[in-house]
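All values derive from a computational prediction rather than experimental measurement.
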Amino acid sequence: MDKKPIDVDAAYGLAGPEQSRALYADWAETYDSGFASETDYILPEQVALVFAAAGGRGPVLDVGAGTGLCGVALAKQNIGPIDATDISPDMLAQALRKDVYRDVIEADLTEGIPVPQGAYCGLVSSGTFTHGHVGPEALPTLLRVARPDAIFALAINARFAATSGFDDALHRLQRGGWIRDLRLPEVAIYGSAAKGIHRADTALVAVFAKV
């Protein structure tokens, strides 16, 4: 039986952490030169720019950091120090090679992040909150590791946001006094050179501060 090709649709079809680890173990070495380059994947840069414009500063946790593309974009904005967390040790190994991270942390967001409470002044994410990955159930985990007034810039696939309850979860947190100044600007995931059925896909960047 032929092996299913590794692409964004395969990633969107993941069901559970073991499938995630297996797919990204196979994809890690070619992710940047293949997927990111061939699709003109600009979401990491978009998130870094939104975070910087919101006054984001380090220490920052790059959530679902993958191969470190958002970390590189943050470093270009002179933001740091930056730590990376991801479920895939293979992707984190690629991220380490970019020499922009202070530390990398292997973690399943649904089970928590093994760092002290209030460790970070900023949190970013540029690909984790999407189909087949992680939903709004991870938000309390992220808030736990953030300091009061920490700035968040979390990209959420726009179609996924519409079906996963993300909008309701974020507004509940704001009404409950956990977060403030919530904005949801929409940005492109792929650049002008992108081709294929996902070329016009967008993400909402949830920008807010922890109370």
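- Each of Asp62, Val115, Val145 was checked for a side chain to side chain contact (heavy atoms under 4.5 Å, CB included) with Ile105, and the lone residue meeting it is Val115.
- Closest approach of Ala107 to Pro114, counting heavy atoms only: CB-CD, 3.9 Å.
- Grouping the Ile, Leu, Val, Met, Phe, Trp and Tyr side chains by contacts below 4.5 angstrom, directly or via other members, places Ile42 apart from Val100.
- Residues that satisfy the ring-ring contact (aromatic ring centres under 6.0 Å, His included) test with Tyr120, not counting sequence neighbours, are absent from this structure.
- At least one side-chain heavy atom of Leu49 sits less than 4.5 Å from a side-chain heavy atom of Gln77.
- The two atoms that bring Val134 and Ala138 nearest to each other are CG1-CB, 3.5 Å, heavy atoms only.
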Worksheet item: Passes side chain to side chain contact (heavy atoms under 4.5 Å, CB included), Ile87 versus Glu106? Steps please.
Response: CA-CA 5 Å; Ile87 197 172; Glu106 183 183 345; over 6 Å; no

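- Looking at heavy atoms from C-beta onward, Val104 lies out of side-chain contact with Thr85 at the 4.5 angstrom threshold.
- Ala162 pairs by the side-chain contact (heavy atoms from CB on, under 4.5 Å) definition with nothing, not counting sequence neighbours.
- Every residue two or more places apart in sequence or in another chain was checked for a salt bridge (Lys or Arg N to Asp or Glu O under 4.0 Å) with Arg172, and none qualifies.
- Rounded to the nearest 0.5 angstrom, Thr130 OG1 and Asp201 CG are separated by 8.5 Å.
- Closest heavy-atom contact between Ile79 and Gly56: CD1-O, 3.9 Å.
- Formation of a donor-acceptor pair under 3.5 Å by the Gln174 side chain with backbone atoms of Leu182 is found in this model.
- Closest heavy-atom contact between Arg147 and Cys121: NH1-SG, 3.1 Å.
- Listed by chain and number, the residues in a side-chain hydrogen bond (donor to acceptor under 3.5 Å, both in side chains) with Glu186 are Thr202 (sequence neighbours excluded).
- Not counting sequence neighbours, the partners of Arg180 by the side-chain hydrogen bond (donor to acceptor under 3.5 Å, both in side chains) test are Asp149.
- In this structure, the side-chain hydrogen bond (donor to acceptor under 3.5 Å, both in side chains) partners of Thr110, at least two apart in sequence or on a different chain, are Asp108.
- Taken from CE in Met91 to CD in Glu29, the straight-line distance is 11.5 Å, to the nearest 0.5 Å.
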Discussion item. Go through it in stages, so that I can follow the logic: the residues are Val60 and Asp83, the test is side chain to side chain contact (heavy atoms under 4.5 Å, CB included), and I'd like the CA-CA distance, side-chain angles, deciding distance and then a yes or no.
Written reply: CA-CA 6 Å; Val60 182; Asp83 291 345; over 6 Å; no

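- Between Leu143 and Pro140 the shortest side-chain heavy-atom distance does not fall below 4.5 Å.
- The side chain to side chain contact (heavy atoms under 4.5 Å, CB included) with Val205 is formed by just one residue from the set Leu184, Val187, Val124, Leu154; it is Val187.
- Put simply, the side chain of Asp90 does not reach to within 4.5 Å of the side chain of Gln94, judged on heavy atoms.
- In terms of heavy atoms, Leu123 sits closest to Ala146 at CD1-CB, 3.6 Å.
- For the atom pair CG of Leu142 and NZ of Lys210, the computed distance is 10.5 Å after rounding to the nearest 0.5 Å.
- In terms of the side-chain contact (heavy atoms from CB on, under 4.5 Å) criterion, residue partners of Ile156 (sequence neighbours excluded) are, by chain and number, Phe129, Phe160, Ala161, Phe166, Leu170, Ala206.
- Shortest non-hydrogen contact noted between Leu92 and Ala84 is CD2-CB, 4.1 Å.
- Distance check, rounded to the nearest 0.5 Å: OH of Tyr41 to OG of Ser126 gives 5.0 Å.
- In this structure the side chain of Val50 reaches within 4.5 angstrom of the side chain of Val207, judged on heavy atoms.
- Contact of the Trp178 side chain with the Leu139 side chain is not registered, since no non-hydrogen atoms from C-beta on lie closer than 4.5 Å.
- Contacts classified as salt bridge (Lys or Arg N to Asp or Glu O under 4.0 Å) and involving residues 41-59 (residues at least two apart or in different chains) are not found.
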Item to complete: Apply side chain to side chain contact (heavy atoms under 4.5 Å, CB included) to the pair Thr163 and Arg159, showing each step before the final yes or no.
Response: CA-CA 7 Å; Thr163 60; Arg159 289 195 180 97; over 6 Å; no

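- For Lys98, the side-chain hydrogen bond (donor to acceptor under 3.5 Å, both in side chains) criterion is met by Asp32, not counting sequence neighbours.
- Applying the side-chain contact (heavy atoms from CB on, under 4.5 Å) test to Pro81 and every residue at least two apart in sequence or in another chain returns Pro59, Arg102.
- Ala95 pairs by the side-chain contact (heavy atoms from CB on, under 4.5 Å) definition with Tyr101, not counting sequence neighbours.
- Rounded to the nearest 0.5 angstrom, Asp86 CG and Thr67 OG1 are separated by 9.0 Å.
- Leu43 is not listed as a side-chain neighbour of Tyr190, based on a closest heavy-atom distance of 4.5 Å or more.
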